[in-house]
**Q** 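Below you'll find the structure I mean.
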Amino acid sequence: EEKPESAAPRRPQLVRYFAADTSCGSVRQYNEDRISVILNATLSPSKSAVNFFGVYDGHSGSACSEFLKENLHRTIFAEKTLLDDFDKVVASCFRRLDELFVRQCELTKDKSGSCALMLLETDHRVFLASTGDSRAVGSFDRGARVEAITTDHKPELSSERKRVFKSGGYFYYSSTTLVKEDGESLVKGPMRVFPGRLTVTRSFGDVESKTVKQGGNPHVLIVDPFTYSLSKANLDFIVMGSDGLFEQLTNQQICDFVIGRVQGRNSLGLSISEKFTKEVAGELIRLAIDSGSQDNISVILLFFENSRLI
């Protein structure tokens, strides 16, 4: 798969440097993740210049994540009121695209699905939308504060659990019997939603879980995103990643790693560069693999103006 490459610095009010990288990981021989990077797009009718970054974590095949890579940004850019009513417009775009893909799957018999995490950057703000458990974490105030920007749609989230129960769904634990020389033991797996049989409570695609005639319930596994908007005034950097990045690493560990790399470079009197940004993105993937992650791993690293002050 062709990978997006980092770009040279552009107008100072937009992201200083970025890098995107993806890997099938240490166990799998295939990569269902996809990444989308669209630079200097012009929105109509405002003529505003924006950057778009997307991470699509596919499952049960890559058809859905590929569909999002090709279509999500196009659908969103076509909306004339995007920046005026981001939450409502993006939610509508997510629903329309999901309905289109599910209809296609009824014909093609494809069963794939995908999480989606997108970031839209304007001159002074970043807007994010997330469905599933891909995540964006950020460093603020010159490294003084790090936190998750998005919230994962997981069964453990109390609001999601209540929503699923109210919609007629339920949860279960998968389990495996571990057989050793000294006997057998039952190992409890992650909590999953039904219909869907997934460890996330929202996603694109997954036709079987959303189509009544296939035993699904369209109100349980939904596509509606959580949306976010924040000023870039005190923003140092953002790491966007599929859940493989966070499987064994905490938000703090990921941000501390990036901060440490920046501080080490600053101590040598060197500034952040395109090459450095690309190196750090690749190192984050290696860090996740070395920490025990067995999933596909995708990373987008965005350095903003404040990053030079870390």
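What you see is a predicted model; the values in this text were computed from it and never measured.
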**Q** Nearest 0.5 Å, please: how far is OG1 in Thr75 from CG in Leu97?
**A** 4.0 Å
**Q** What's the separation between atom SG in Cys93 and atom CG in Asn71, rounded to the nearest 0.5 Å?
**A** 11.5 Å
**Q** Examine the side chains of Ser62 and Glu32 and answer whether a donor and an acceptor come within less than 3.5 Å of each other.
**A**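 No, Glu32 and Ser62 have no side-chain donor paired with an acceptor closer than 3.5 Å.
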**Q** Can you see which heavy atom on Glu247 is nearest to which on Gly292, and at what distance?
**A**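 In this case the closest contact between Glu247 and Gly292 is OE2-O, 3.8 Å.
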**Q** Could you measure the distance from the CG atom of Asp141 to the CG atom of Leu235? Nearest 0.5 Å is fine.
**A** 9.5 Å
**Q** So Ser231 and Arg125, side chain to side chain donor-acceptor pair (under 3.5 Å) or not? Walk me through it.
**A** CA-CA 4 Å; Ser231 169; Arg125 302 192 69 81; 4.8 Å; no
**Q** Between Glu70 and Arg34, is there a side-chain N and carboxylate O pair less than 4.0 Å apart?
**A** no
**Q** Over all heavy atoms of both residues, which pair between Ala20 and Ile35 is shortest? Give the atoms and the distance, please.
**A** CB-CG2, 4.0 Å
**Q** Output yes when a side-chain donor or acceptor of Asn40 lies under 3.5 Å from a complementary backbone atom of Ala49, and no otherwise.
**A** no
**Q** Are any non-hydrogen side-chain atoms of Arg103 and Glu106 less than 4.5 angstrom apart?
**A**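 Counting from C-beta outward, Arg103 and Glu106 do come under 4.5 Å.
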**Q** If only side-chain N and O atoms count, and only distance matters, is there a donor-acceptor pair under 3.5 Å linking Thr22 with Ser298?
**A**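 There is such a pair (donor and acceptor under 3.5 Å, judged by atom type) between the side chains of Ser298 and Thr22.
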**Q** Evaluate Leu249 against Leu287 for side-chain contact (heavy atoms from CB on, under 4.5 Å), listing each step before the verdict.
**A** CA-CA 9 Å; Leu249 296 172; Leu287 180 64; 3.9 Å; yes
**Q** Taking the basic N atoms (NZ, or NE/NH1/NH2) and the acidic carboxylate oxygens, is any pair closer than 4.0 Å for Asp133 and Arg202?
**A** no
**Q** If I take atom CE from residue Met240 and atom CZ from residue Arg135, how far apart are they, to the nearest 0.5 angstrom?
**A**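 Reported to 0.5 Å precision, the distance equals 13.0 Å.
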**Q** Hey, any chance Val207 and Val193 share a hydrophobic cluster, counting ILVMFWY side chains that come within less than 4.5 Å of each other, even indirectly?
**A** no
**Q** Charged N to carboxylate O under 4.0 angstrom, Lys109 versus Glu208?
**A**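 No, Lys109 and Glu208 are not salt-bridged.
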**Q** To the nearest 0.5 Å, what is the distance between CD1 (Ile272) and CG (Asn266)?
**A** 6.5 Å
**Q** Determine the minimum heavy-atom distance between Phe165 and Tyr170, stating which atoms define it.
**A** CE2-CA, 4.1 Å
**Q** State, with a plain yes or no, whether a side-chain heavy atom of Ile149 is found less than 4.5 Å away from one of Val137.
**A** no
**Q** Does a side-chain heavy-atom distance below 4.5 Å link Phe246 with Ile254?
**A**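 Yes, close enough: below the 4.5 Å cut-off.
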**Q** Do Glu283 and Phe257 have side-chain heavy atoms sitting under 4.5 Å apart?
**A**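 When only atoms from C-beta onward are counted, Phe257 and Glu283 do touch, with a gap below 4.5 Å.
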**Q** Report yes if the side chains of Leu221 and Leu198 come closer than 4.5 Å at any heavy-atom pair, otherwise no.
**A** yes
**Q** Between the side chain of Thr81 and the main-chain N/O of Asp84, is any donor-acceptor distance below 3.5 Å?
**A** no
**Q** Without hydrogens or angle criteria, can the side chains of Ser242 and Asp33 be said to hold a donor-acceptor pair below 3.5 Å?
**A** yes
**Q** Between the side chain of Ser167 and the main-chain N/O of His219, is any donor-acceptor distance below 3.5 Å?
**A**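 Between the backbone of His219 and the side chain of Ser167 there is a qualifying donor-acceptor contact (under 3.5 Å).
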**Q** Charged N to carboxylate O below 4.0 Å: is that the case for Arg142 and Asp236?
**A**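 Salt bridge between Arg142 and Asp236, a charged N being under 4.0 Å from a carboxylate O: no.
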**Q** Is it true that a side-chain atom of Asp57 and a backbone atom of Cys115 form a donor plus acceptor pair closer than 3.5 Å?
**A** no
**Q** Is any NZ, NE, NH1 or NH2 atom of the basic residue among Glu160 and Lys162 found under 4.0 Å from an Asp or Glu carboxylate oxygen of the other?
**A** no
**Q** Looking only at heavy atoms, what is the nearest atom pair of Gly61 and Ser112, with distance?
**A** O-CB, 3.8 Å
**Q** Among Phe237, Phe53, Phe303, exactly one meets ring-ring contact (aromatic ring centres under 6.0 Å, His included) together with Phe18. Which residue is that?
**A** Phe53
**Q** Write down the atom of Phe204, the atom of Cys64, and the distance for their closest heavy-atom approach.
**A** CB-SG, 3.6 Å
**Q** Donor-acceptor pair, Ser130 side chain versus Phe226 backbone, under 3.5 Å?
**A**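 No: the side chain of Ser130 does not pair with the backbone of Phe226.
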**Q** Does any N or O in the side chain of Ser23 come within less than 3.5 Å of the main-chain N or O of Gly25, such that one atom is a donor and the other an acceptor?
**A**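 Between the backbone of Gly25 and the side chain of Ser23 there is a qualifying donor-acceptor contact (under 3.5 Å).
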**Q** Decide whether Phe94 and Ile222 are clustered together by the hydrophobic rule: side chain heavy atoms of Ile, Leu, Val, Met, Phe, Trp, Tyr closer than 4.5 Å, transitively.
**A**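 Not linked; separate clusters.
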**Q** Would you check if Val146 and Ile259 make a side-chain contact, meaning some heavy-atom pair closer than 4.5 Å?
**A**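 Yes; the side chains approach each other to less than 4.5 Å.
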**Q** Indicate yes or no: does Glu305 engage Lys232 in a salt bridge with an N to O separation below 4.0 Å.
**A** no
**Q** Can you confirm whether or not the ring centre of Tyr17 sits under 6.0 Å from the ring centre of Phe276?
**A**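 For Tyr17 and Phe276, the ring centres are not under 6.0 Å apart.
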**Q** Are Val223 and Val164 connected in the hydrophobic side-chain network, where two residues link if heavy atoms are under 4.5 Å apart?
**A** no
**Q** When you compare the side chains of Asp206 and Ser209, does any donor N or O come within less than 3.5 Å of an acceptor on the partner?
**A**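 Checked: Asp206/Ser209 side chains show no N/O donor-acceptor pair below 3.5 Å.
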**Q** Would you say Leu68 ends up clustered with Leu82 if hydrophobic residues are merged whenever their side chains have heavy atoms under 4.5 Å apart, either directly or through other cluster members?
**A** yes
**Q** Counting C-beta onward and ignoring hydrogens, is there a side-chain heavy-atom pair between Leu83 and Ser48 closer than 4.5 Å?
**A** yes
**Q** Let's go through Phe171 and Arg161 carefully: what are the C-alpha distance in whole Å and the side-chain angles of both, what is the deciding distance for side-chain contact (heavy atoms from CB on, under 4.5 Å) to 0.1 Å, and is it a yes or a no?
**A** CA-CA 8 Å; Phe171 300 95; Arg161 191 176 298 193; 3.5 Å; yes
**Q** Using modelled atom types and a 3.5 Å cut-off, is there a donor and acceptor pairing between side-chain atoms of Lys154 and backbone atoms of Thr199?
**A** yes
**Q** For the CZ atom on Arg96, are there more than 12 heavy atoms of other groups (residues, nucleotides or ligands in this structure) within a distance under 6.0 Å?
**A**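 Buried by this count: over 12 neighbours within 6.0 Å.
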**Q** Quick check: does any side chain N or O of Gln253 sit under 3.5 Å from a backbone N or O of Thr250, one acting as donor and the other as acceptor?
**A**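 Checking the backbone N and O of Thr250 against the side chain of Gln253, a donor-acceptor pair under 3.5 Å is found.
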**Q** Could you pull out the closest heavy-atom pair between Val50 and Leu43, with the gap in Å?
**A** CG1-CD1, 3.7 Å
**Q** Flag yes if Phe101 and Val90 sit in one hydrophobic cluster, no otherwise; membership is Ile, Leu, Val, Met, Phe, Trp, Tyr, and two members link when side-chain heavy atoms are under 4.5 Å apart.
**A** yes
**Q** Could you state the interatomic distance from OG (Ser36) to NZ (Lys69), rounded to the nearest 0.5 Å?
**A**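 Answer rounded to 0.5 Å: 7.5 Å.
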**Q** Check whether any side-chain heavy atom of Asp85 sits under 4.5 Å from a side-chain heavy atom of Lys88, and report yes or no.
**A**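 Of all side-chain heavy-atom pairs linking Lys88 with Asp85, at least one is under 4.5 Å.
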**Q** For the rings on Tyr56 and Phe67, is their centre-to-centre separation under 6.0 Å?
**A**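 Ring-ring flag for Tyr56/Phe67: false, centres at least 6.0 Å apart.
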